[in-house]
Amino acid sequence: MFDWKWDFTFEILPRLLLATTNTLLAAGIGYTIALVVGLAFALGQRTSITLLTVAVRECVEFIRSTPLVLQIFFVFYVGPQVGVTLAPWTAGMIAIGLHYASYLSEVYRAGLDSVPKGQWEACKALNLSMGRSYFRIIIPQALPPAIPGMGNYLVGIFKDTPMLSVIGVAELLHTANAVGSETYRFLEPYTLVGILFLAISLPAAFGLRRFETWARRALGVD
Amino acid sequence: MDNDTHPIRLRETDPPAVRFSQVSKHYGDLTVLDSLDLDIAANEIVSIIGPSGSGKTTVLRVLMTLEPIDDGVIYLYGQPLTHMERGGILVQSSDAHLRKMRSDIGMVFQHFNLFPHMTVIENCMEAPVQALGLSKDEARERSMDLLTMVGIADKAGQHPSRLSGGQQQRVAIARALAMRPKVMLFDEVTSALDPEVIGEVLNVIRQLAGEHDLTMIIVTHQMGFAREISDRVCFFYEGRIAEQGPPDQLIGNPQNERTRMFLSAVLDAD
């Protein structure tokens with residue numbers, strides 16, 4: 001039934017491996033954006049400025065409640081109509097970065113909420129500034145409980161990078177599509193894509209668990 | 001206490017170290033401080049006793065500026081703490097004013113509130129470095145001296161989770177002292193401790209009272225300790241001072257019916 005061709009498989013493998021680096025790059029950049037912007041989203045919802053808090057919360061809710069693929073289309077195709085023309089990579093990174101930033105902000109928020117109130121009171125009694133309280137006292141304690149959630153979203157963003165193919169980012173799935181349309185063979189390229197994703201996701205999940213254990217110990221929370 | 005070196009108390013011109021002037025604080029419908037007036041002189045040691053919900057912990061919390069007050073003004077050495085002067089009138093303190101004023105106050109909490117991700121010495125060094133701008137070497141030296149004073153220098157490199165409750169509380173005292181406050185607040189510092197380690201913490205506070213020029217406000221359930229260490233004891237009831245006076249008088253011979261009931265209840269329990 002299946003007509004698997006090994007010589008074809010090895011012929012397209014280098015091209016797919018090259019595209020894998022783009023996938024990893026997209027996941028890496030997107031996740032970095034998400035980590036930073038997500039923290040800003042989380043902290044933005046904790047200020048005493050009500051307007052800012054409400055604006056950030058609504059923004060996060062909006063992003064979380066709409067599909068990623070729509071957001072990618074929106075940034076890429078609607079952008080130019082309002083005078084913001086972005087390359088596929090840029091548009092894709094903004095869309096996927098913001099999307100995961102809203103999810104990560106919830107993870108951060110749960111982590112920040114898990115730090116006992118007494119820690120804040122100690123910061124205040126010791127006259128530490130708001131910024132130093134956050135970055136030296138509160139966030140280091142909020143991170144360990146947040147790491148499992150952060151790890152899940154790292155694997156999540158990696159698996160969502162194929163969405164970027166819709167605007168022509170040459171990641172793994174996009175390349176497999178190209179191979180398919182050139183050769184009319186889809187079995188091998190798509191199977192390879194699946195195997196490559198698996199080959200990266202599984203060790204990554206394992207590594208993240210190890211990292212979590214290490215981080216908890218390094219931060220002295222265990 | 002060494003009377004030769006101790007400064008003269010209550011000169012007429014000296015502003016009190018702490019002054020609560022008609023201070024009120026509400027949680028919803030509940031009034032926790034009810035137009036409280038309270039003066040505490042520099043270097044005075046005042047114990048606050050009273051039933052739970054009487055507002056005694058709130059006195060410390062609003063003085064530490066952990067919570068805002070709803071009415072009245074708190075002064076620190078004659079300067080408004082909860083407020084600041086602007087154009088001849090008192091307005092709510094800005095964050096900057098609070099940070100400036102707060103640096104004279106230190107607080108020790110019932111549940112220690114040590115930073116779990118830092119070692120004992122790092123706990124003590126953190127604020128002197130980050131808030132006072134001391135060099136790490138200066139902060140380390142200052143912290144080690146204080147850890148030695150509270151008898152815990154050998155644990156400097158440990159994380160708080162490795163320490164007993166009594167040891168943690170002594171670290172918390174050293175950490176607060178590292179900021180060189182003029183006023184120290186002790187909020188039920190032995191309530192979360194096992195009975196056998198209460199003594200070691202009280203000893204540290206006794207030592208502080210004897211050696212340092214500190215104004216101390218102590219919220220406590222330890223009547224014997226309050227009687228021995230205090231210059232004055234205040235009995236709080238429903239957000240007000242129901243009775244106050246020298247410890248022998250207030251604890252030994254209370255005049256107010258509420259005070260008598262409270263004391264007989266807690267002394268029976270001991």
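To find a chain, count down the sequence lines: A is the first, B the second, and so on, and within it residues start at 1. Just so it is clear, the values below take in all heavy atoms, side chains as well, and ignore hydrogens, waters and symmetry mates.
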*Residues A:Lys124, A:Glu121: salt bridge by 4.0 Å N-O rule*: no
_Heavy-atom proximity to chain A below 4.5 Å, by part of B:Ile105_ = backbone
*For the residue pair A:Tyr153 and A:Tyr100, categorise the inter-ring angle as parallel (less than 30°), tilted (30 to 60°) or perpendicular (more than 60°).*
perpendicular
_Which one wins on heavy-atom pair count under 4.5 Å against chain A: B:Met64, B:Gln110, B:Met107?_
B:Met64
*chain A heavy atoms under 4.5 Å from B:Arg175: which part of the residue, side chain, backbone, both or neither?*
both
_Could you check whether B:Thr82 and B:Ser93, counting side-chain N and O atoms only, form a donor-acceptor pair closer than 3.5 Å?_
no
*How far apart are the C-alpha atoms of B:His159 and B:Leu114, what are their side-chain angles, what is the distance that settles it, and do they pass the side chain to side chain contact (heavy atoms under 4.5 Å, CB included) test?*
CA-CA 10 Å; B:His159 279 92; B:Leu114 293 176; over 6 Å; no
*Quick one: what part of B:Phe109 sits under 4.5 Å from any heavy atom of chain A, side chain, backbone, both or neither?*
side chain
